[in-house]
S.K.: 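Quick one: the structure is below, questions incoming.
Keep in mind that what you see is a predicted model, and the values were worked out from it rather than measured. Letters A, B, ... mirror the listed sequences (proteins, then strands); counts begin at 1.
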Amino acid sequence: MASVSSQPQFRYTQPPSKVLHLRNLPWECTEEELIELGKPFGKVVNTKCNVGANRNQAFIEFADLNQAIAMISYYASSSEPAQVRGKTVYLQYSNRQEIVNNKTAADVAGNVLLVTIEGPDARLVSIDVLHLVFSAFGFVHKITTFEKTAGFQALVQFSDAETATSAKNALDGRSIPRYLLTENVGPCTLRITYSGHTDLSVKFQSHRSRDYTNPYLPVAPSAIDGSGQLTVGLDGKKLEPESNVLLASIENMQYAVTLEVLHMVFSSFGPVQKIAMFDKNGGVQALVQYPEIQTAVAAKEALEGHCIYDGGFCKLHLSYSRHTDLSIKVNNDRSRDYTLPNVSTVTMVNSQPSILGQQPSNVSMVTTNPPQYSGAQYAPTEQVGMPQPLAAWGVAAAPPAPQSMPMPMPMSMSMPMPMPMSNHSYMPPRYGNMPPHPGTMHMPSQSGLSQTMVYRPDHIQ
DNA sequence: AGCACA
């Protein structure tokens, strides 16, 4: 009962302190402005701004008590009051002797970001999408994801605080571009603060965590079945059984994708036996049959996510079909069996003006001499055309140019392959003449290669 | 216009 202090809550004179209390500050007064204000009187060693319910109070701590006294004394007798941005601020000694800055980790810039993915389908966002998004700002060392009361969160580790800061500034409050998400995933907004961590501990490559600096890290046992086969991809999705038949869906189909175009694109990997195109929930899909599973695998890995046309148009999404042999009933503009001894069909395909350049789409040649996609083909060929990643985020100010840090050790399971055509005899098309398409932009791939430009027809200019 | 989220 006797514990209530007899001290008045506010006194009109206070014992000197090297900490000064400021009030009536302008909205969102910065630390810099406080330092500017105190600097004439001594060394400001600490500040705290945005204090109080109205966030218009602050504290300045001087190195020496005499400096604080000098400032108070000066303004006590000055005809000009202390001002910040023309607003009079009121000074007095603080009733504390030092500023205690309970800066949380979230306030201290660090190399690791705490990312909260907001949205009803947030947990459907794969770690690969996060990696792609954050790689636009620099090499991402590690990512861990977890569920907390705050929702679905990720820790994203960069080399340094500067890189992390540029990512934070550009991405905080923004939504992941729709084209990076599958159709079943709703809008996902990113909330980003700094994490107190400096180095994440990643034990396994899994659908929950990755260490991009250590591709030899074992894959999580939970992702491997009894046979030692991967049943879960590193993105956490179940791996479909491989098949010689690919299901291609075409996103953002601004231009007609014909059977011939598909044949040409897919023939780069080996002979295409059959193609069947059909409409599926508003889009166009196609089944593409190779004789060999390996060919389909190569085509899928190389083409997945890439666009048939420059500019983000006609983006391919590939999966393995359950089919192994398509039954083509009729050769028309939607379906074709290239194995039939139908001279007119073969002639037509081979006499197609060689849109791809000099390379004839000679099926047998490709068959006997399949393209090899070795590491040498990682050589970036499209730096000129590297799009700014953030246009899709609706950011007015251009972000720093994406740094295409090469992976020290590419993880073959998650690395997008460079376009197979890049080093072929014809040149990949450059950005330039394509009609712009608002709202569509490409994220840079981890390898630094553009993800676009499978093929560019002459008839589109 | 009066002292720092617990």
S.K.: Between A/D107 (CG) and B/dC5 (P), how many Å, whole number?
M.R.: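 Roughly 11 Å, once rounded to whole Å.
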S.K.: Which residue lies toward the 5' end of DNA chain B, A/N24 or A/V19, if each is placed at its nearest nucleotide?
M.R.: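 It is A/N24 whose nearest nucleotide is closer to the 5' end.
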S.K.: Report the distance from atom CG of A/L91 to atom P of B/dA1, rounded to the nearest whole Å.
M.R.: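 Checked: the CG to P distance equals 15 Å.
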S.K.: When you compare the side chain of A/Y194 with that of A/L113, does any pair of heavy atoms fall below 4.5 Å?
M.R.: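 Yes - at least one pair of side-chain heavy atoms lies under 4.5 Å apart.
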S.K.: Just checking, is any N or O donor in the side chain of A/D199 or A/Q157 under 3.5 Å from an acceptor N or O on the other one?
M.R.: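 There is such a pair between these side chains.
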S.K.: Side chains of A/V89 and A/L37, heavy atoms from C-beta outward: is any pair under 4.5 Å?
M.R.: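 They are in contact (side-chain heavy atoms under 4.5 Å apart), so the answer is yes.
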S.K.: For A/Q97 and B/dA4, what is the distance between atoms CD and C1' respectively, to the nearest whole Å?
M.R.: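 Taking atom C1' of B/dA4 as the reference, CD of A/Q97 is at 15 Å.
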S.K.: By the 4.0 Å heavy-atom rule, please label A/E98 as base, sugar-phosphate, or nothing.
M.R.: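 The residue A/E98 makes base contact.
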S.K.: Starting at atom CD of A/Q57, determine the distance to atom C1' of B/dC5, rounded to an integer number of angstrom.
M.R.: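 Going from A/Q57 (CD) to B/dC5 (C1'), I get 14 Å.
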S.K.: Want to settle it: does A/N102 or A/K87 sit nearer the 5' end of DNA chain B, counting the closest nucleotide to each?
M.R.: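 Its nearest nucleotide being more 5', the pick is A/K87.
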S.K.: Quick one: A/L22 CG to B/dA4 C1', roughly how many Å, whole number?
M.R.: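 Between C1' of B/dA4 and CG of A/L22: 13 Å.
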S.K.: Please report, rounded to the nearest Å, how far the P atom of B/dA4 is from the CZ atom of A/F59.
M.R.: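 The answer, rounded to whole Å, is 6 Å.
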S.K.: For the NZ atom on A/K43, are there more than 12 heavy atoms of other groups (residues, nucleotides or ligands in this structure) within a distance under 6.0 Å?
M.R.: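 Count not over threshold, so no.
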S.K.: Using atom CZ of A/R55 as one end and atom C1' of B/dA1 as the other, report the distance to the nearest whole Å.
M.R.: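 Rounding to the nearest Å, CZ of A/R55 and C1' of B/dA1 are 18 Å apart.
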S.K.: Specify the separation, in whole Å, of atom CG of A/N56 and atom P of B/dA4.
M.R.: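 To the nearest whole Å, that distance equals 13 Å.
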